[in-house]
Every structure is written in C-alpha cells, then in structure tokens.
Amino acid sequence: MSSTSDMGDFQTVAISSLTQQQAHQELARLADILNRASAAYHRDDAPIMSDADFDALRRRNAQIEQRFPELVRQDSPEASIGAAPAAGFGKIRHVRRMLSLANAFSTEDVEDFVTGIRRFLGLDAAAPLAFTAEPKIDGLSLSLRYEKGALVYAATRGDGETGEDVTANARTLQDIPARLPDCPEILEIRGEVYMTHDDFAALNARQRETGNKVFANPRNAAAGSLRQLDAEITRARPLRFFAYSWGETSQALADTQISAIERLAQLGFCTNPQTRLCQSVAEMVTVYAAIEAQRASLGYDIDGVVYKLNDLALQDRLGLRSTTPRWAIAHKFPAERAWTRLEAIEIQVGRTGALSPVARLVPVTVGGVVVSNATLHNEDYIMGRDSRGQPLRDGRDIRVGDWVEVYRAGDVIPKIRDVDLSRRADTAPAYVFPDTCPECGSPAIREPGDSVRRCTGGMICPAQAVERLKHFVSRAAFDIEGLGAKQVESFWRDGWIATPKDIFTLKDRFGPGQPRQLKNREGWGDKSAANLFNAIDEKRVIPLSRFIFSLGIRHVGEATASMLAGHYGSWDALRAALQDAQDPESAAYLDLLSIDGVGDVLATSLITGVVAEAVEIDALAGLLTITPPEARASDSPVAGKTLVFTGTLEKMTRAEAKARAEGLGAKVAGSVSAKTDLLIAGPGAGSKAKKAADLGVQVVDEDGWLAMIGAL
Ligand code: IVH
C-alpha cells in the first residue's frame with residue numbers, strides 16, 4: 001500500500017505556526033481524506049492508506065483541533081472514526097455443518113458415485129435409484145435460519161462449522177423472505193447468493209465511473225456485496241438467491257429431494273427451474289449435457305451439475321464424510337483453455353521441501369481470467385511422463401519458449417495441458433530439472449516412488465521455513481488477522497519470527513515498553529500494532545483440528561486433521577499416541593490405522609513429522625490452549641464410546657454401520673482392547689468375541705445394536 005500523495009502537504013507546516021485560515025483549510029482536507037480512508041477500511045475492505053499514515057494524519061488532525069477548538073468540524077474525523085463498526089462480522093456456529101461437494105469430472109466418475117452408493121447401502125444393480133440433477137451455481141452459500149416463520153439469522157459458510165453473521169445484509173435481498181407462511185417451527189434454508197451477468201456488468205460500470213473497485217467476476221462481486229459492514233450498500237447491489245438445501249428442521253420437509261425443493265418454492269424461495277429427476281446414470285449425463293448447452297444463455301455463472309440422491313431416508317442412511325455428503329456429487333464442466341508462450345520455468349520450494357516447477361507465461365485470457373502463471377506439477381510432467389512412467393501428451397516434453405495450452409477449471413491453479421511441437425525452434429534445449437535447491441543449495445532428491453524432488457535442507461532452507469510459517473497463519477490454520485503471507489515474510493527476513501512459536505512471543509519482544517517496537521516498524525502504527533497483538537492473543541485458544549492442520553505435515557490436510565481430532569479428542573492424547581506409534585507393531589499404530597482414510601503413508605508422515613519436530617511443537621503447544629472438538633449435540637448412548645464390529649452384519653453393510661456409529665459420535669476401532677466399550681458381533685464372530693468376553697467388554701448382536709441407536 002503506498003502512502004497518499006496528500007501526506008507531504010499536511011506534514012509541512014508546524015502546527016504552532018498555522019494561521020487560523022490555514023488551520024480551517026487543513027481541517028477540511030483532513031476530514032475529507034480521513035473519513036474516506038476510514039470508509040475504505042471499514043466498509044469496503046479496501047484500505048487506501050497504511051495504518052501508520054492514517055495514525056499520523058489523525059494525530060495531526062487532533063493537534064490542530066486542540067489548538068483551534070472553535071474550528072472543530074461537524075464531520076470531524078475524531079467524532080466519526082471511533083464510531084466506525086469494529087472490523088469484521090460476528091460469528092455464527094452452524095447447528096448443522098455446511099457441507100461442500102465431492103467432484104466428478106467424467107461419466108465414469110458419475111457411475112462410480114452411483115455404484116459406491118449401492119455398495120454402501122448393500123443394494124444390487126437392479127434396484128431403482130433416482131437422483132435430482134440441477135445446476136451448480138457459482139456464487140457463495142448462505143444459511144438462513146427461520147424460527148416460527150421469522151428470519152432470525154443468516155450466516156455464510158465460513159469453514160463449514162462457523163460462518164459470519166450477515167443477517168442485516170441478507171434481509172436486504174428481495175429473494176430472501178423475512179417471514180415464511182406455514183412452515184416448521186425451526187427451518188434452516190440453504191442456498192446460493194449470486195449475481196446475474198447483466199447486473200454484474202452494470203455494477204462494474206458504476207464502480208468504474210465512481211472510481212471504485214472493479215470486481216473480477218460475478219462471484220467476487222456477490223461475495224464482496226454480501227459481506228459489507230454497511231448493509232445499505234448490500235441493499236443497493238443486485239444480489240439474488242437460489243434455495244437448494246436445508247439444515248436443521250424441526251419437521252421433515254418431504255420424503256424426497258425433488259418434493260423438498262417444491263416445498264421450498266411453495267414457501268416463496270426461488271428454486272432452480274432447470275432441476276430434473278433422473279432414474280439412471282444415462283439420464284443424469286443427458287441432463288448434464290442439456291444444462292451445459294444452456295450454460296451461456298442462463299444469464300448467471302454455473303460451473304457444473306449437482307446430483308443428489310432423491311430418497312431422503314437413503315440420504316440419511318448414507319450420511320456424511322468429514323466435509324462432504326455421500327449422497328451428492330458435483331459433475332463439473334470441463335476446464336476452459338487457451339494457447340500462449342512459455343517464457344520461463346521457475347522452481348518454487350514449498351513447506352515440505354517439494355520443488356515445484358511454475359510456468360511463467362505470456363499473459364492470456366482463459367475463461368475471462370488473465371493467466372500468467374501455471375503449475376507444471378513436477379519434473380516427470382515436464383518430461384511428458386506420468387507418475388508410473390507412462391507417456392503423457394504422447395511423450396512430448398515441455399521447453400522454455402514453447403507454445404503451450406493452458407487450462408483452468410473453477411478456482412484451481414491453471415495448468416499446462418499440451419505443447420505445440422510444430423512451433424518449437426530446432427535449437428530449443430530440453431529443460432533440465434535442478435538437483436539442488438534453488439533457495440539454499442542443499443541437494444534435492446527424489447525418494448523411490450515419489451514423483452516429487454525435495455530439498456533436503458529442512459529448516460535451514462529459507463523457503464521451507466517461510467512457507468511453513470505462511471501455512472501456519474493461513475486461513476484454515478491459525479488465521480491471524482493482520483498476519484498474512486506478506487507480514488510473515490517480512491518478520492522472518494528481519495529475524496523477528498523464525499518458527500511458529502515465535503509468533504506467540506512477539507508481543508513480549510516487540511510490544512509496549514520494549515527497546516524495539518512493532519509500532520515503529522515501517523507500515524505499522526499504534527493502532528495496527530495493538531490490533532495485531534490482540535489478534536495473536538485471540539488465537540492462543542485454538543481448536544485441536546486447526547492446530548493439527550497448522551503443523552503443515554505432509555498428507556495431513558484439513559479433513560484428516562479433523563478426523564484425528566475427533567479420534568483422539570485432545571492434543572496430549574494424540575501426542576502420546578504418536579510417540580508410542582513409532583513402533584509399527586504397537587497397539588497405538590494399529591489404532592491410528594483404524595481411522596478412516598489413514599494408511600501407512602499418512603501414518604508414517606504424521607509420526608515422523610511430529611516426533612522429529614517434538615521440541616519445537618511441544619514448545620508451541622505450551623504457549624497455547626488447545627481445545628477438544630466440540631461434540632455435536634448427540635444424546636445417543638454410543639456417543640464417545642469405542643466400538644468394534646465383527647462377524648457378518650445382515651441389515652446394513654459394514655461401511656454403513658461404521659458411518660452410522662461415527663455419525664452418532666462413537667469411535668470405531670478395528671480390534672478389541674481394554675479401551676473397547678462395545679462389541680457388535682454378527683454371525684461368524686470369532687477371536688474378537690472371545691477376547692471381548694475375556695476382557696469383560698459388553699457384546700451385543702446386530703438387533704441389539706440397532707435398538708441401541710434407535711434404528712429398529
Ligand atoms: S448442495 C449437501 N446444490 O457448491 C449439499 N450446492 O462445492 C451441499 N452449490 O458449498 C450443497 N450450487 O455453495 C448444492 N445446486 C447446488 C449448488 C451448490 C452451488 C455450491 C455450494 C457448496 C458448493 C460445493
């Protein structure tokens with residue numbers, strides 16, 4: 001952010017030598033610029049000056065007012081700044097999580113989705129299964145809670161667990177009724193806020209005319225318009241809403257997805273007119289093709305087709321994975337493409353030391369977005385081979401100077417798809433992938449079976465150290481307001497922060513009363529420094545799943561982190577288990593493997609990642625309060641219990657039984673131990689039943705289990 005050119009003028013004349021007329025003029029200019037800056041910061045999320053400049057101008061304004069009290073203006077910045085709403089929105093914890101969707105990219109993926117559902121439910125191929133198909137709107141999702149028919153709050157998706165309170169903004173949308181006729185006492189409606197192409201173009205034209213921010217696409221415009229601290233700005237923006245789903249309801253809306261959607265329409269919501277009911281995969285992909293053909297004429301952006309299992313009782317049986325339902329999938333449209341020239345290949349070093357080649361391109365527009373960088377994945381990809389050594393692009397390699405085809409699907413990083421050999425100069429040399437780290441010079445090696453070359457420098461490699469810090473403060477990790485990638489880099493460069501734990505001692509070292517203070521750093525001021533220290537303090541209490549994710553261990557993404565949090569319940573328990581699990585024969589190791597989606601590769605990465613950095617991680621944990629996952633309200637008798645299934649189940653598949661149990665808050669383990677609370681034994685149960693009897697563990701049969709969970 002550059003400082004304003006007005007700054008110099010303001011600072012030149014000493015206050016003691018200002019004439020009354022000069023003071024009068026200067027106060028007017030200060031009021032104008034400070035009030036504009038304040039609005040830009042608080043209301044538009046788009047600051048126009050640095051905090052330090054803001055503080056300096058404000059101080060000067062206050063000093064002039066003090067000397068000339070008779071000149072204090074009605075719109076004095078002193079009066080209005082303090083009254084500006086606190087940055088940010090209140091938080092709302094969703095009663096039922098807001099989910100995202102798994103993706104399908106081909107008919108085959110859609111077939112796998114349907115087959116997987118049959119397998120999970122134990123249905124044979126002939127059993128009829130119907131699905132709804134509807135456009136996937138490219139907007140932002142919103143949850144509306146109605147109680148006794150009145151809108152009580154509206155929340156954005158956030159991280160799925162907790163969203164932002166945008167109630168005042170949502171109330172300004174015409175498509176969102178304030179009251180509903182004759183509906184369940186509690187009813188949460190979910191859907192997508194979006195902007196039409198025409199409204200988007202008109203809004204951008206207005207923004208341009210008034211010298212305001214122009215939005216990159218309708219989705220950004222919709223998000224920026226909904227998330228306004230001043231709801232009157234939202235009111236002036238043409239936002240729309242399609243309802244397509246629901247959260248908590250005190251009474252079921254219907255028995256099927258399609259009739260639930262009809263019910264939403266009767267309640268007064270807009271539902272998508274393209275929605276169809278399909279009886280087979282063939283019908284689903286036919287609807288997909290039809291919707292794709294209409295894509296350009298719909299008047300709003302869509303990026304695929306969503307299929308949902310029509311029978312709501314079956315949806316319920318299928319339940320949820322950690323962030324996506326098993327009963328729905330998004331069939332995405334193919335990516336958009338364009339040809340351009342590859343100017344250079346640069347190597348970036350990531351937090352796990354991976355050397356990632358990045359293509360620098362002559363800028364080209366792909367599906368409405370200007371692209372100048374794209375990923376090249378890894379050295380095999382550049383050479384024209386896949387991870388198993390099979391030819392890619394018929395074995396054509398990629399060289400600097402080549403004409404390449406770029407594509408992008410949705411929001412993901414653009415990729416290079418193909419290369420035009422007919423336009424390559426005979427003299428173009430093949431690309432040689434470096435075998436040393438470009439950042440620290442350490443050898444970069446490829447482990448057998450790994451497609452990625454990695455720097456062996458560990459924490460001596462500046463790139464790894466910085467990338468780990470950036471990951472640590474990223475949105476899904478500690479998400480510290482005011483401490484983004486840019487600030488982390490600059491603190492790291494100056495040796496203020498070397499590892500994550502240093503963030504939590506920053507105030508002790510550079511806070512008030514210290515010889516060197518953050519507020520005196522370039523780009524910082526009293527206000528922004530105090531804000532940062534507060535923002536850091538706020539994150540001293542952190543949910544376990546975020547803490548695990550923030551460690552940046554290879555293969556441990558958000559979903560795995562939340563699964564680990566759910567399984568172990570506390571950092572101490574996980575930490576101790578990983579210590580014990582170093583022995584692959586140990587019960588702790590087997591217990592780790594019993595978690596859905598945890599295999600040997602992930603387990604090894606997690607154990608070595610935590611044990612190798614134990615000193616650092618323990619020191620970090622010592623500065624924090626790590627909170628256990630909040631149990632979702634479950635009054636089930638199996639909540640918090642450890643269960644083991646053995647023998648044959650006759651009423652549901654093993655996968656369904658496990659998912660059901662987990663959905664009710666139980667843990668499902670693979671083997672019986674002293675920690676087991678309940679063994680569910682079907683016919684043919686063998687050694688596990690015997691062991692359970694020896695250990696005095698409660699044993700029930702399948703009907704006993706179904707009765708226990710109220711499913712009989
Ligand atoms: S259903 C459990 N239906 O896509 C159901 N989502 O990638 C969850 N979206 O977060 C969503 N159009 O914001 C559903 N017709 C549609 C949708 C839709 C757009 C968004 C939604 C969701 C995201 C998942």
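These numbers come from a predicted model, not from an experiment. Quick note: numbers below take in every heavy atom, side chains included, and nothing from hydrogens, waters or symmetry partners. Just so you know, ligand 1 is whichever comes first in the structure, and atom 1 is the first atom listed for that ligand. One is the number of the first residue; the rest follow in order along the sequence.
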Inset, instruction - Going by heavy-atom distance to atom 1 (S) of ligand 1, choose the closest among K308, R190, Q315. - result: K308
Legend entry - Salt-bridge present (R660, E662; N to O < 4.0 Å):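 Answer for the salt bridge query: no.
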Legend entry - Basic-acidic side-chain contact under 4.0 Å: R337, D418: no
Determine whether any heavy atom of [X] lies closer than 4.0 Å to an atom of ligand 1.
| X | result |
| --- | --- |
| G139 | no |
| P325 | yes |
| Y307 | no |

Ligand 1-proximal atoms of [X], by part, heavy-atom distance under 4.0 Å:
| X | value |
| --- | --- |
| P135 | backbone |
| L101 | both |
| Y194 | neither |
| M98 | neither |
| K136 | both |

Between [X] and [Y], a side-chain donor and acceptor under 3.5 Å:
| X | Y | result |
| --- | --- | --- |
| R237 | T234 | no |
| E336 | Y407 | no |
| D198 | T196 | no |

For [atom], what's the nearest protein heavy-atom neighbour? Residue, atom name and distance, please.
| atom | value |
| --- | --- |
| atom 14 (C) of ligand 1 | Y244 CE1, 3.3 Å |
| atom 12 (N) of ligand 1 | I137 N, 2.9 Å |
| atom 10 (O) of ligand 1 | L99 O, 3.4 Å |

Inset, instruction - Please lay out, stage by stage, how W327 and F131 fare under the test ring-ring contact (aromatic ring centres under 6.0 Å, His included). - result: CA-CA 9 Å; W327 42 262; F131 290 85; over 10 Å; no
Legend entry - Under 4.0 Å to a heavy atom of W327 - the qualifying atoms of ligand 1, by number: 2 (C)
Legend entry - Which of the ligand 1 atoms, numbered from 1, are nearer than 4.0 Å to a heavy atom of E134: 15 (N)
Legend entry - Expected output: side-chain E188 to main-chain E248 donor-acceptor under 3.5 Å: yes
Inset, instruction - Quickly, which of F200, F242, F241 forms a ring pair (Phe, Tyr, Trp, His ring centres under 6.0 Å) with Y300? Name it, please. - result: F242
Inset, instruction - Output yes when the distance from some N or O of ligand 1 to some N or O of E192 is under 3.5 Å, and no in every other case. - result: yes
Inset, instruction - Hey, could you give me the OG1/CD distance between T323 and E558, rounded to the nearest 0.5 Å? - result: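 Taking OG1 in T323 and CD in E558, the distance rounds to 8.0 Å.
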Legend entry - Heavy-atom pair of closest approach, residues I553 and L606: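 Closest approach of I553 to L606: CG2-CA, 3.9 Å.
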